[in-house]
Amino acid sequence: MVQDFDSAKVMLIKYLGEIKQIVKDKEKSLLEAVDYELDKLLKNDFNLAVLGQFKRGKSTFINALLGEKIVPTAVVPLTSIVTIIKHGPKVKVTVYFLDGSQKEITVKELEDYATERGNPGNEKKVKEIIIEHPSEFLKKGISLIDTPGIGSVYQHNTDVTYEFLPKLDAAIFLFTIDSPVAKNEYEFLKDVQDHAVKIFFVLNKIDYAEENDVKEALGFTAEVLKEKLGDEKIKIFPISAKMALEAKETCDEEKLKLSGLPEFISKLDEFITKDKGKALLISSCNNTLRFLSKLKFDIDLKMGAIKTPVEELERNINILKKKMEEIEKEKKDMLFIFEGESKELLAHFNAEYEKFKNSEYPNLETALEDYFTSNTALPLKELIEKSREYITEKTLKVIDSWKEGELKRLAGASGKITERLAKKVEKIITELQELTASMFHIKFESFAVIEDFKEAGYFYYNMEPEKTFLLPTPLSVAPFLPGFIARKIALNNLKEWLKQQFDRQCGRVRYDIAQRMEKTFKEYYNYLEEKIAETANGIMESVKKAFELKKSGEERIKSMLEELEALLKKINEIEGNVKELKKQLEGTV
């Protein structure tokens, strides 16, 4: 019987240590996962991740919790960088790089490493960023995790967030009033449920809507979550992170109360005080059981293959080889269909691009002319500059609006194509595993975990005038011409400049999206191919090793079986202990 948190933690550390001894250096990825879990328990770190779709206001929400602007906020998505915020005596920011080096930076420099604008495509090879902050909230043993947003049409953002899921203990999941819940969010939430012991739901940006609209959005979101997640006890906290941050910065208690943040923090504090320790242990129990499940399957397969007579083993190897050949044919068929559908989608995108370009440019030219003729009282130089500023802002807004809508359409269409492909691959892997399990009479649970398609493609562009696009200025001849003629030349030059810049910016949009979509399709297909190869190679390696072992004599076979049976007995014993520990912990939470 577990007496307290400390004794339960000691027991779980002991079980993980035993697993580590079993794994040793046989499988590097599994050993790293066990080491991470041990380190987290020893340091008593509790990972509370802030999750949600792009543009849900996660960074502003984190800043509101901290009481000051620390994490960069913008309309642009973060790169594939996980930012970990821990307690420290003062604010300190350290960047850790993939090569093992590190660098201390200022808060102002954070944007140079944590945002796509400052670190496009993670060209600076950042592994993670750790921020120390003297927040009382963090003093309670909490590591606040700022994850890249999902659904930002930036593949590595979503990938990194999914990769971090096994490391989280609890989560704060943000929705917003303007778009309460999307399909990809509740699908992502199902994955979060598998890892987080506790999920807090927040409806952000309530300052954007009337009270009745907030109530309606809360009700709608709660019903969707109850239906999709199968949980009747959904509680959603309405919050304005922006208002809360402003209130904390100006010490406005009334505004802070209206933001809704104090009520949320009260519930979060209650959980941290009462249940954080147990939740950390339950989360580690779940991960430990996953490690054990994989070890059991591998040993069962080895034992099943060794116990199989040589003649039957040869037949099974031939059956598996034949199955592999069938899979290769299926892969070729899949690639043919996949390439055809993806090319059709990109062709449709190009057609939509041409339609947008041809329909929007005349409107922009008219807007430029109207602005210019309405402000002819200004000195010519100032008129040119102000007209350029006006039309630049308007053009970028037009392109942004179209781009956002088109990317959403592309993401939805791409998702349907890749979803069909992923289901096909999952079916191939499951059939291969089931065939293997039936041949060697072992218990089987599918390990075919296929990640969803992650859309690619955010980028940045600007309309800063470049020398190659500038026309001769009319100012040099203005003193020798009547004012109306100088203005006419200036307007014509501005129109020509606008046309060149509009073509340039639209071309960059088309090229970037097309290139990134093609790259993502290719990467996703390669990922699926690797999943098939990983499963097939693992099975064939175990079976072939068993076949070779058969040639070494009865004594060697007997010795190997005894070794594997002892290992399996040990794993079953650890599994039973961990399940009992988890049961006791769940009864006390």
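Just so you know, these numbers use all the heavy atoms, side chains as well, and skip hydrogens, waters and symmetry mates.
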Straight-line distance of [X] [atom1] to [Y] [atom2], nearest 0.5 Å:
| X | Y | atom1 | atom2 | value |
| --- | --- | --- | --- | --- |
| Asp207 | Ile177 | CG | CD1 | 9.5 Å |
| Phe372 | Leu494 | CZ | CG | 6.0 Å |
| Phe349 | Leu410 | CZ | CG | 6.0 Å |
| Gln501 | Arg388 | CD | CZ | 8.5 Å |
| Leu38 | Leu12 | CG | CG | 8.5 Å |
| Phe521 | Glu518 | CZ | CD | 9.5 Å |

For the residue pair [X] and [Y], categorise the inter-ring angle as parallel (less than 30°), tilted (30 to 60°) or perpendicular (more than 60°).
| X | Y | value |
| --- | --- | --- |
| Phe201 | Phe173 | tilted |
| Tyr390 | Tyr371 | parallel |
| Phe356 | Trp402 | parallel |

Heavy atoms, side chains only, cut-off 4.5 Å: are [X] and [Y] in contact?
| X | Y | result |
| --- | --- | --- |
| Phe137 | Leu48 | yes |
| Leu110 | Ile131 | yes |
| Thr392 | Trp497 | yes |
| Leu138 | His133 | yes |
| Thr176 | Leu203 | no |
| Ile199 | Val192 | yes |
| Glu68 | Val91 | yes |
| Lys215 | Pro238 | no |

Between [X] and [Y], a side-chain donor and acceptor under 3.5 Å:
| X | Y | answer |
| --- | --- | --- |
| Lys386 | Asn375 | no |
| Ser284 | Glu37 | yes |
| Thr83 | Asp146 | no |
| Lys242 | Thr60 | no |

Any side-chain to backbone donor/acceptor pair from [X] onto [Y]? Under 3.5 Å, distance only.
| X | Y | result |
| --- | --- | --- |
| Asp252 | Lys255 | yes |
| Ser259 | Leu256 | yes |
| Ser359 | Lys355 | yes |
| Asn119 | Ala114 | no |
| Ser101 | Phe97 | no |
| Thr373 | Glu369 | yes |
| Asp39 | Asp35 | no |
| Lys139 | Gly88 | no |
| Asp169 | Asn47 | yes |
| Lys248 | Ala64 | yes |

Report yes or no: is the cationic atom of Lys267 (NZ for Lys, CZ for Arg) closer than 6.0 Å to the six-membered ring centre of Phe271, at no more than 45° off its axis?
no
Hey, does the Lys NZ or Arg CZ of Lys357 hover above the aromatic six-ring of Phe502, less than 6.0 Å from the centre and inside 45° of the axis?
no
Under-4.0 Å salt bridge between Arg510 and Glu354
yes
SB check Asp99 Lys127 (cutoff 4.0 Å):
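No, this pair does not count.
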Sub-6.0 Å ring centroid separation between Phe61 and Phe264:
yes
Test Ile145 against every option in Ile172, Val50, Ile84 by the side-chain contact (heavy atoms from CB on, under 4.5 Å) rule and name the one that passes.
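Among the candidates, only Ile84 passes.
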Passes salt bridge (Lys or Arg N to Asp or Glu O under 4.0 Å), Glu263 versus Lys235? Steps please.
CA-CA 12 Å; Glu263 182 188 353; Lys235 165 71 176 172; 3.8 Å; yes
Let me see the working for Tyr113 and Glu109 under side chain to side chain donor-acceptor pair (under 3.5 Å), right down to the final yes or no.
CA-CA 7 Å; Tyr113 297 89; Glu109 291 176 302; 5.7 Å; no
Any chance you could lay out the salt bridge (Lys or Arg N to Asp or Glu O under 4.0 Å) test for Lys257 and Glu253, step after step, and finish with the verdict?
CA-CA 6 Å; Lys257 186 178 178 181; Glu253 291 298 323; over 6 Å; no
